[in-house]
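Proteins come first, then strands; the chains are lettered A, B, ... in the order of their sequence lines, and each starts at number 1.
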Number of protein chains: 2
Amino acid sequence: MFTGRYTHKLDAKGRLALPSKMREAGIGLQYSQFVVSKGIDGCIAVFPVDKFEKFIDEFDPSELEMEQGLNFYREFASWAHYLPVDNQGRINIPQTLLDIASIDSDVLILGVVDWIEIWNPDEYEKHLKDSKVNYNKGAKTFFSAAIRGKRKKYEIPPKRSDLEDS
Amino acid sequence: MFTGRYTHKLDAKGRLALPSKMREAGIGLQYSQFVVSKGIDGCIAVFPVDKFEKFIDEFDPSELEMEQGLNFYREFASWAHYLPVDNQGRINIPQTLLDIASIDSDVLILGVVDWIEIWNPDEYEKHLKDSKVNYNKGAKTFFSAAIRGKRKKYEIPPKRSDLEDS
DNA sequence: ATTAAATTCCCCACTTTTCCCCACTCATCC
DNA sequence: GGATGAGTGGGGAAAAGTGGGGAATTTAAT
């Protein structure tokens, strides 16, 4: 599971060091390489190889009948590149992908559970503003769902025999 | 279950000692690390690992298709960091999280049952004022519910075996 | 086919941060 | 009043992030 937020830099050779926590996140999987492709809202998405192939496998072909489905599939697959990780834990992202994400040097790396997102920090800020995301509102819904989960657990009543004397 | 209110300090290295009662609160769980993320109303939220992962697991993926859903998910997951607890019971909160909570040195720690909240004391005061929290009103609802709950105790409950897996 | 230019990738090195350990102070509890 | 445990402080080893040299491979051109 990928979490966390990091600010890293592309070096002069265009290499990007993935946060070590994210490299560790896939112990036992094929993490000697990652797959990058075009992400959502203008970022670059990074997947572990097994997750990427699972996503592809599970994509519903019937959606291809819709024009949107095919266009998406074509774009997503063709932007995807398998990238080896060097001994320092770095990947070399194709320049064309960096361009569509407006990335030059500073990079914001987001862990989003099943995948990783790579943003130009300014573009991400702009996206947050433009989309008028209301974090508090989402958090209240999310957290209160967690509380409901707890209530269920605690509703298990005491044994009948325990009530006799109370 | 987390309860209690404490005032602690960040040391020069940005480390925060969690109240020992809160560390003890999770005996038997994986409390060698906690997960911190962005909380509600400007605080930092701290979760035991198992609770955090339960929150994530229970998130409804269909919400990702809604713009707000994805934006919240992205924010919540990417602000989340797994933090090891050192031998003194301290965690090292990332500076970026401290920044969004306006925390420099003094810290207010609140136990909120399923999670812990970390506040800048002044910001919490301000939040209470701004949000015009009416404690008494909430308390009356809460207390009267507790009384009804106590009455329920005298009703014959369903068999435990019917409820275990719910 | 041979050479030159460019790219990839492996290794070494430096700087900063993280994390593990030891130590001190203060409050609480026998 | 000593002992225990909690909160705070700081040093040093280890790891992470960053930068750069140079061999090997590829691409293009002569």
Classify the side chain of [X] versus the base of [N] as yes if they form a donor-acceptor pair under 3.5 Å and no if they do not.
| X | N | value |
| --- | --- | --- |
| Arg90(B) | dG9(D) | yes |
| Arg15(A) | dG20(D) | yes |
| Lys13(B) | dG11(D) | yes |

How is [X] classified with respect to the nucleic acid when contacts are heavy atoms under 4.0 Å: base, sugar-phosphate, or nothing?
| X | value |
| --- | --- |
| Asp86(A) | nothing |
| Leu18(A) | sugar-phosphate |
| Leu16(A) | nothing |

Let's see if you can work this out: which of [options] has an atom nearest to the side-chain heavy atoms of [X]?
| X | options | value |
| --- | --- | --- |
| Ser20(B) | dG17(D), dC21(C), dG7(D) | dG7(D) |
| His8(B) | dT18(D), dT8(D), dG10(D) | dT8(D) |
| Gln88(A) | dC10(C), dC12(C), dC19(C) | dC12(C) |

Think Asn87(B) has a side-chain N or O under 4.0 angstrom from the OP1 or OP2 of dC20(C)? no

Phosphate-side-chain proximity, Arg23(B) and dG7(D), N/O vs OP1/OP2 below 4.0 Å: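 Indeed, a polar side-chain atom of Arg23(B) lies that close.
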
Which residue, Lys9(A) or Pro19(B), contacts DNA chain D at a nucleotide closer to its 5' end, judged by nearest heavy atom?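 Checking each residue's closest nucleotide, the 5'-ward one belongs to Pro19(B).
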
Ring geometry between Phe52(B) and Tyr82(B) (parallel below 30°, tilted from 30 to 60°, perpendicular above 60°):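 Taking Phe52(B) first and then Tyr82(B), their aromatic rings stand perpendicular (interplane angle over 60°).
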
